[in-house]
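Taking it in order: structure first as structure tokens, then the write-up.
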Amino acid sequence: MVNGLYTASRAMTNILAKQDIHAQNIANARTNGFKMARLVNSSEVSVERNDQGELREKEFQKPSEIVTSFAQGPMVNTGNEFDLALTSPGFFMVEAENGVRYTRNGGFSLNSYGELVTLSGKHVLDEGGQPL
């Protein structure tokens, strides 16, 4: 009985997590640089001997894992000469309050000092961590 409740609880938790991920994917579908996520379920099989010495397989559900897709998205000409797109694996380095952050969102502009910045005003950094 307890195993049945645990299994049902685990299934409901997975359904809620999938709904949250689908809602996030839909809400951000048109956001530059957004990468779709999905929930991956997996199981593990172990082999044990029962009291009669016979081998039995037991399947255990492993915790679900959220996986981000880093597949190339469509490129759209925005008409902004400072917007960039990556055609290979990699990220843009961007200055943030808590250090460097990485993004594939190439929506950039120039600030009043002629530095390349994100649309929220954060500096885009070169390989050495210096503002461009």
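Keep in mind it's a predicted model, so treat the numbers as computed, not measured. One is the number of the first residue; the rest follow in order along the sequence.
- When each of L125, D126, V124 is tested with M93 by the rule side-chain contact (heavy atoms from CB on, under 4.5 Å), just one qualifies, namely L125.
- Nearest approach of F34 to Q24, heavy atoms of both residues: CZ-O, 3.9 Å.
- Across all non-hydrogen atoms, the minimal contact from A17 to L39 is CB-CD2, 3.9 Å.
- When the shell of 6.0 Å around CG of L84 is examined, it contains more than 12 heavy atoms from other residues, nucleotides or ligands.
- To the nearest 0.5 Å, the span separating CG on L119 from CG on N80 amounts to 8.0 Å.
- A continuous path of hydrophobic side-chain contacts links L132 to F108 [ILVMFWY only; heavy atoms under 4.5 Å].
- Closest approach of F91 to R104, counting heavy atoms only: CD2-CG, 3.5 Å.
- Counting all heavy atoms, side chain and backbone alike, T103 lies closest to N105 at OG1-N, 3.0 Å.
- Taking hydrophobic clusters as Ile, Leu, Val, Met, Phe, Trp and Tyr residues chained together by side-chain heavy-atom distances below 4.5 Å, L86 shares a cluster with F82.
- The CE atom of M36 sits 10.5 Å away from atom CD1 of I21, with the distance rounded to the nearest 0.5 Å.
- Nearest heavy atoms, N25 versus A37: ND2-O, 2.8 Å.
- Looking at heavy atoms from C-beta onward, L116 lies in side-chain contact with L110 at the 4.5 angstrom threshold.
- What you find for P131 and E115 is that their closest heavy atoms are CB-OE2, 4.4 Å.
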